[in-house]
Structure formats: C-alpha cells, structure tokens
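This one's a predicted model, so the numbers in the text were calculated from it and none came from an experiment. So you know, we letter chains A, B, ... as the sequences are listed, proteins then strands, and number each from 1.
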Number of protein chains: 2
Amino acid sequence: MSSTLVENIIQAIRDEIRNGYLVAGQRLVVAELSKKYDVSFGPVREAIRRLAGEGYLEFVPHKGASVKGFGEKEVREYFALREALEGYVAKLAAENIHRSDYREQMLAMQKVLNEQMLSSVIETSIEVRQQFHDVMYVIAGNDLVKEAAQRYTFPLQRSAFSRQAGKERIKASLHEHNEIIDAILAGNGVQAERLMRSHLRNRAQAYLEMMDELQQSGDNVA
Amino acid sequence: MSSTLVENIIQAIRDEIRNGYLVAGQRLVVAELSKKYDVSFGPVREAIRRLAGEGYLEFVPHKGASVKGFGEKEVREYFALREALEGYVAKLAAENIHRSDYREQMLAMQKVLNEQMLSSVIETSIEVRQQFHDVMYVIAGNDLVKEAAQRYTFPLQRSAFSRQAGKERIKASLHEHNEIIDAILAGNGVQAERLMRSHLRNRAQAYLEMMDELQQSGDNVA
DNA sequence: AATGCTAGATTATATTACAATCTTAATCAA
DNA sequence: TTGATTAAGATTGTAATATAATCTAGCATT
C-alpha cells in the first residue's frame, strides 16, 4: 500500500497491463475504474494521465485512454529499440565484468539459466530470462539505461505470445544466451554487443512468426 | 491552442522547463499554477501527473512536484543512453540513405548545418542541431526509437548549459556532425554509429566541464 | 548552543455535486 | 441508401468543502 489513492491506482493498472489482464486496445473508462477501485473521478484521472506519460496508455482528448496496442510494425520497432539498448548494455557489461564480484554473479546466472530455462513451466523460463537481463543491467551500472530498457521491454514479455514459444526456439535462445555470456565474461564488448543484437533479431523473427500463426488460428489480439 | 485545458497546461509547463524558465529543483505548487493559468485544481494536478510520467517532474506523495534536477551521475547516464540510441539511429540512417529522397534531404540538412550552426544567435544553433537529429530519425524510419531518443534528450538541451557553449566547442561539434553525415551518405552504418558515439562522448565531456565552470562561479543548479 | 516539541500555516489529497462539451451510435426522414 | 437529428455515454471542467500530511517558527528543555 502506498500512501495515496492515486499511487495505488497507478500501480494497480500498471500491474494489470504488465500481466496481460488488460489487453492492448482496451479502453479505460473513468467511471468504471472509479467504481472498480471505489474512489472518485479525480484520482482515476490522475492515474491515467500518469500512465499515459509513462507510455503505457494512449490518450486522445475527448475520447479517453486505452492500452497501447501494437501490430507488426510496432513489434519490429520494439525489437529494434531493444537491439540498441540491450546491445549497449551487453557492451557495458563486458567492459565492467572485471569489477567487484560481477564475474561470479554472471557465472552463477549462467548456471541458473542452463538449469532452468528449459523448464516445462513457462513462467520459470520467462522469469529466469528476466533475471539474466537484470544482472546485466546491474553490471552495466547505468540506472537510466535500465529504466529505458524496461520501459520498452514490458509489452513484449507480457502477452500471450511469450508463452507460445516451442522447445526448439527456447533451445536456440538458450544457446544464444550462452554465447553472449561468454563474450561478456571474456570482456569482449564489441562481440557481446554484436551477439546481443543478433540474438534480438532472431527473437524478433520468432515472435513475428508466432504472431502470424496465432493470427491465422482466429485469435484476435489487437 | 490544444483542445483541452489540461493539454494546454501540460504544453505550457513543458515549454517553461525546456526553455529554462523553470529551474531544476523548483517546486510546482498546485494552488499557484491554478491561479496563474486561471483554472481549477483538477487540470493542474492532471498536468503535473502527466509531466511526472514523462520524466520532466519529480513527484513525491504529499509533498508535490518539482522540476527534475540532475547532477554529474545523471548527466553521464543520459549521454550514455543517447550513445546507445542515437548511435543506433545513425546506423539505421546509413542503411536507409539510398531510399526515397533521403540523400537529398541529408545533403540539404548538411548545408543548413554548415551555414547556421555557427550563428551568433544561440537559439538558431540549438534549433538547427535539433533539425539534424529529426532528419536522422525520419531516415532511420523507426518511430519508437525516435520517441525514446526524444524522451531522454530533453533534459540536456534545455537548461542554461546548452547556451554556454563557446565558439570552439561548437566548431568541434560541427566538424563531428559533418563526419557523421559523410558516413551516413556513404552508407557506412558501422562507421556512422562509431562516430555518433564518439561525438556524444565528446559532447558529454564538454557538458560536464561547463557544469563545473558554472558550479564554481557560484551558480546553484540543483 | 543544540535539540525537541507544539501550534499554526501551507499544501496536498480527495469527495461531492453540477454543468458543459464532445463522441458515437442509433434513429428517422428524404 | 444517404444524411441529418437526437440521445446516451464519456470526457472535461468548476466550485465548495473537508481531511491529512508537511513545513515552519517559536518556545521550552537539556
């Protein structure tokens, strides 16, 4: 519990979006949210403005707010942006790997990745990948880049797609992760960046293929 | 004029921040803004929430909003992030330079840059640099990267510092711009990215030096 | 002198009631 | 079928009011 209603509502809506309970394109009606959270309009309107500012919601004057949706174009752009950000993070991580106990952290992370990523529980697989990225952010040592990377990563992790990856795709992804980690451990920033970018291009390809498959099977995901 | 009061107030405050009329650390009191813009509390609070979400304002529950300030650590991180983003944009631009009439646009931009950037009117110099980046974003053809780059660029353009650059620094900057443009025109993405990163590292250095100078001359910029 | 405390002023937070405006979709007429 | 009208739903904005958190100044204690 935060100290104000607005903060609570911001957190609640943000969580619902990140966890996929609010689908892309879904409209957020002030009156409904007001009833749902049992508060007056003011706090709800403020929360919506905040989340629109953060980029979670689309806001059109006189029409209202809706969860930002994205089609093929947006997915391509999200992955391209992640190439820029996470590629750079990998580079920074490689350059910092000799400091502190970063090498030990990364080795431990690699161990966990190889043990858990092929888990049959999809949530575990997603979770462990997230942990890997978090470790990288820490080693890179740039809070702002971390914030930016997270801001532009969420919409892809969520959504049905992330849970659809087949065994072979995850296996390929794991192999790519190991390559990246090796480059970071070797302190080879240029290679780490190249591999991370390549990895994300491959994942983008896989993601788009999954979109197509689901699209054709009649699912409507705005 | 936008279509709603809130949009107007958002724009007004954002402009005041970008133009340096609101200093870092300055508090934004709802009642005062309400009187200043002659509106009730609601729209003001919404505008503040929005700008906090965009990162222009710092917001602490029960205490209120203030213009986000940043010290050396933040400046380093902002420039590092821009290295990642704008370096990537430069790479994309180089890869796309042969499409459409991008080559002509870039050449025109280069002409304007060389004619105007050394203008004695500082605003012109800043403006023309902004235009260059905008052209790059267009050629790169990724709206999301553009959005991200702009989101994390504003706090540096604004502020007194940008207006303090000496003639030699601007001259150096111009030279770097020309190098980058040449690489883009040559379709050499790898080099364009390297040069852009190098450019931003140099600008970061200059910016930090300016901060020191102003700091010692007694100015307090939170 | 430094610290701690209290009272009052300021500011933020939130509700309620009301009115105006805009959008959208349904309805009705040409 | 098209186009105008209308009605409902939603957003936008004001104003008055009340409560809660925070800050500040002044006073007292150590």
message: Under 4.0 Å, heavy atoms only, any strand: does A:Ile48 hit a base, just the sugar-phosphate, or nothing?
response: nothing
- prompt: Taking the side chain of A:Val29 as heavy atoms from C-beta outward, which of C:dC22, D:dG13, D:dA10 is closest to it?
  reply: D:dA10
Distance-only polar pair, side chains of B:Tyr152 and A:Glu147, donor-acceptor under 3.5 Å: yes
- request: Take the protein atom CZ of B:Phe41 and the nucleotide atom C1' of D:dT12, then report the distance between them rounded to whole Å.
  value: 18 Å
message: Under 4.0 Å between a side-chain nitrogen and a carboxylate oxygen: does that hold for A:Glu83 and A:Lys91?
response: no
message: Check B:Lys68 with B:Glu74, please: is the shortest side-chain N to carboxylate O separation under 4.0 Å?
response: no
- request: Could you check which of C:dA12, D:dT11, C:dT15 has an atom nearest any side-chain atom of A:Val30?
  value: D:dT11
query: Are any non-hydrogen side-chain atoms of B:Asp134 and B:Val138 less than 4.5 angstrom apart?
result: no
- request: Please tell me which of the listed nucleotides, D:dG13, C:dA12, D:dA10, lies nearest to the side chain of B:Val6?
  value: D:dG13
task: Round to a whole Å and report the spacing from CD of B:Glu32 to P of C:dT10.
output: 12 Å
Distance, rounded to the nearest Å, where A:His62 contributes NE2 and C:dT21 contributes C1': 6 Å
statement: In whole angstroms, the gap separating P of C:dT11 from CG of B:Leu28 amounts to 13 Å
message: Please report the distance, rounded to the nearest Å, between CZ in A:Phe59 and P in D:dA10.
response: 15 Å
query: B:Ile9 near the nucleic acid: base, sugar-phosphate alone, or nothing, with a heavy-atom cut-off under 4.0 Å?
result: nothing
field: Candidates C:dT23, D:dG13, D:dA10 - which lies nearest the side chain of B:Ser40
entry: D:dG13
Any A:Arg45 side-chain N or O less than 4.0 Å from OP1/OP2 of D:dT11: no
- request: On DNA chain C, check which nucleotide each of A:Lys63 and A:Glu46 is closest to and give me the residue with the more 5' one.
  value: A:Glu46
message: From CG of B:Leu5 over to P of D:dT11, roughly how many Å is that when rounded to an integer?
response: 17 Å
- prompt: Are the charged groups of A:Lys36 and A:Glu32 less than 4.0 angstrom apart, N to O?
  reply: no
Options C:dT13, D:dT12, C:dT16, nucleotide nearest the side-chain atoms of A:Pro61: D:dT12
task: Please state how far atom OH in B:Tyr37 lies from atom P in D:dG13, giving the value in whole angstrom units.
output: 15 Å
query: Tell me: CZ of A:Arg27 to P of C:dC22, nearest whole Å?
result: 17 Å
